[in-house]
Trainee: 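Let me begin by handing over the structure; questions about it come next.
Residues take their numbers from the sequence shown, with the count starting at 1.
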Amino acid sequence: MRCYLKNILLLAAGLFILTRVYIHMRKAESGSFEGSSLTWIWDKETWMEDLKGHYLHFNVSIKVLAGVFQQSKKYLTVGISSVKREKGSYLQDTLQSIYSASSEEELDHMVVVVLLADFDVSWIQQTLEKITNEFHTRLSKGQLLVIHANEDNYPPLTGLKRNFNDASDRVSFRSKQNVDYSYLLHFSSNLSKYYVMLEDDVSCSKNFLSSIREHIHSMSNSKWITLEFSKLGYIGKLYQSRDLPILARFLYNFYQEMPCDFLLSHFHKLLMQEEVIRFRPSLFQHMGTYSSFKGTINRLKDEDFVEEVADNPPADISTNIETYQTNTIDKAYSQGLEYFWGVSPIVPENYILVVFHEPVLISRVQIHTGLDGKDELANAEVELGKTLVKKESEVECSGFDKLGAFQQGQFNEPAVQKLVPATVACLRIRVTAAQTSWVVVRKIQVWTVKAAETL
């Protein structure tokens, strides 16, 4: 009973501290820049006297090892914490993926912050040299900052609670990781409007920033704390930068209690976001083989990841092919894991029709059918229609131009504008020959030409 009351009191104290941080975080000193060291000092006088023994000091000096600060805030900060690995190294590949997946316009609105979080000085020097040599342009443009916090800034990392019956070395590793993320978040809190956390062994979907921006816009009428763009670990978790100071304090205060992804599930609930908000397809994929913990094998993959996410403008999708159970045609347009499954016989009168809500100028169309070499749509053509005729119970499309035919159950036309340079109202997949096998349509992907937009 005493332990139960003690835990309740500690939890209440923790929640009170978080509330006080949120109220008083703007009263904290903003820090000063002297040479290459940035220092934040929290105003400890804002804490009630009887609670001072229940929180850890948060005075931390963070050194900027490379990069140039920009005067104006960016749209997005990409945060990465990296440590020395016993096997493999993926940090440079991760950085290369971020920059190669982004347009120069997108990079003008983005800054990547890399925390070299290991205490091995020689590894830090070697890694910094590699980053400086390969990404010197990004550093000089203020699109990349490399930082480090010395070991003496860290709270105790040994002799910690062995929650979940984890081994002591595992507890030390994950507890330090929480502190690493805490410092990274705190440093990044005033760099941009939004912040997304990645790990140092991640590949990115093409134009991920534009995809994130569109999803944020779709949430403009909703309150949210965390948006998720990957189902794995602490990859692809997006926050509003105004929430970063309290998240940093949260991870720091409870650093030895549980792994960071467990803590995060509590964080958004404490701030009244009850459900996980995760978007599909995922924009980030785990690409490493060896874990940063003792070099253990880690082949986790996010099955929802799509390397190049299509625009797929809003549309109504229909078909006259009989649907098997709940595998409806709209699932082929959603770019998720689910797909359309149609029952045979498939005949030349069959079609799949995508009617766009607004006329669109299309740049590329890609369609994938079949599953494990079976149930492909063997004979079909893809057409674009210019005119819609609305009737009482349906919408008819006309004025079709042929884009091309399926090849071995697949279709890809990367230069639609050369064939159909005008806006279109619909896309039709028209079956041209009968087949006895069922048909699976996994993805219908449409890329559009957009007017220049300001992020």
Trainee: So, Asp311 side chain and Thr448 main chain: donor-acceptor pair closer than 3.5 Å or not?
Mentor: yes

Trainee: What is the minimum heavy-atom distance between Pro259 and Asn178, and which atoms define it?
Mentor: C-OD1, 4.0 Å

Trainee: Hey, are the side chains of Leu209 and Val78 touching, using non-hydrogen atoms and a 4.5 Å cut-off?
Mentor: no

Trainee: Under the salt bridge (charged side-chain N to carboxylate O under 4.0 Å, His left out) definition, can you give me all pairs with a residue in residues 128-142, not counting sequence neighbours?
Mentor: Glu104-Arg138, Glu104-Lys141

Trainee: Is there a side-chain contact (heavy atoms from CB on, under 4.5 Å) between Val424 and Val416 once you walk through the steps?
Mentor: CA-CA 11 Å; Val424 298; Val416 173; over 6 Å; no

Trainee: Under a 3.5 Å cutoff, is there a donor and acceptor pairing between the side chains of Glu106 and Ser210?
Mentor: yes

Trainee: Quick one: does His186's side chain get under 4.5 Å of Ile62's, heavy atoms only?
Mentor: no

Trainee: Using a distance-only test with no angle check, is there a side-chain donor-acceptor pair under 3.5 angstrom linking Asp243 and Tyr195?
Mentor: no

Trainee: Evaluate the side-chain proximity of Tyr99 to Leu144: yes if any heavy-atom separation is below 4.5 Å, no if none is.
Mentor: yes

Trainee: Answer whether the closest heavy-atom distance between the side chains of Val382 and Phe406 falls below 4.5 Å.
Mentor: yes

Trainee: Distance-only, no hydrogens or angles: does the Thr323 side chain make a donor-acceptor pair with backbone N or O of Thr328 under 3.5 Å?
Mentor: no

Trainee: Distance-only check: which donor-acceptor pairs under 3.5 Å involve side-chain atoms of residues 216-229, not counting sequence neighbours?
Mentor:
| residue | atom | partner | partner atom | Å |
| --- | --- | --- | --- | --- |
| Ser218 | OG | His215 | O | 2.5 |
| Ser220 | OG | His217 | O | 3.0 |

Trainee: List the atom of Asn412, the atom of Arg364, and the distance in Å for their closest heavy-atom pair.
Mentor: OD1-NE, 3.5 Å

Trainee: Can you confirm whether more than 12 heavy atoms, excluding those of Lys231, are under 6.0 Å from its NZ atom?
Mentor: yes

Trainee: Nearest heavy-atom pair of Ile98 and Phe208: which atoms, and what distance?
Mentor: O-CE2, 3.9 Å

Trainee: Does CD in Glu338 sit with more than 12 non-hydrogen atoms of other residues, nucleotides or ligands closer than 6.0 Å?
Mentor: no

Trainee: Roughly how far apart are Thr369 OG1 and Lys374 NZ, rounded to 0.5 Å?
Mentor: 15.0 Å

Trainee: Begin from the C-alpha positions of Phe187 and Tyr183 and carry the test ring pair (Phe, Tyr, Trp, His ring centres under 6.0 Å) through to its verdict.
Mentor: CA-CA 6 Å; Phe187 175 87; Tyr183 292 168; over 10 Å; no

Trainee: Tell me which pairs pass salt bridge (charged side-chain N to carboxylate O under 4.0 Å, His left out) where either residue lies in residues 265-280, with sequence neighbours left out.
Mentor: Arg278-Asp304, Arg280-Asp304

Trainee: State whether the side chain of His109 and the backbone N or O of Tyr75 hold a donor-acceptor pair below 3.5 Å, judged by distance alone.
Mentor: no

Trainee: Only pairs at least two apart or in different chains count here, so list each side chain to side chain donor-acceptor pair (under 3.5 Å) that has a residue in residues 112-123.
Mentor: Lys84-Asp120, Asp120-Ser122, Trp123-Thr127

Trainee: Is the ring pair Tyr181/Tyr234 parallel, tilted or perpendicular, if the boundaries are 30 and 60 degrees?
Mentor: perpendicular

Trainee: Which residues satisfy the side-chain hydrogen bond (donor to acceptor under 3.5 Å, both in side chains) test with Trp447, sequence neighbours excluded?
Mentor: none

Trainee: For Ile444, does its backbone N or O pair with a side-chain atom of Asn312 as donor and acceptor, under 3.5 Å?
Mentor: yes

Trainee: Quick check: does any side chain N or O of Ser282 sit under 3.5 Å from a backbone N or O of Phe284, one acting as donor and the other as acceptor?
Mentor: no

Trainee: So which pairs with a foot in residues 93-102 pass salt bridge (charged side-chain N to carboxylate O under 4.0 Å, His left out), sequence neighbours left out?
Mentor: none

Trainee: What class does the angle between the rings of Phe267 and Tyr239 fall in, given that below 30° is parallel, 30 to 60° is tilted and above 60° is perpendicular?
Mentor: perpendicular

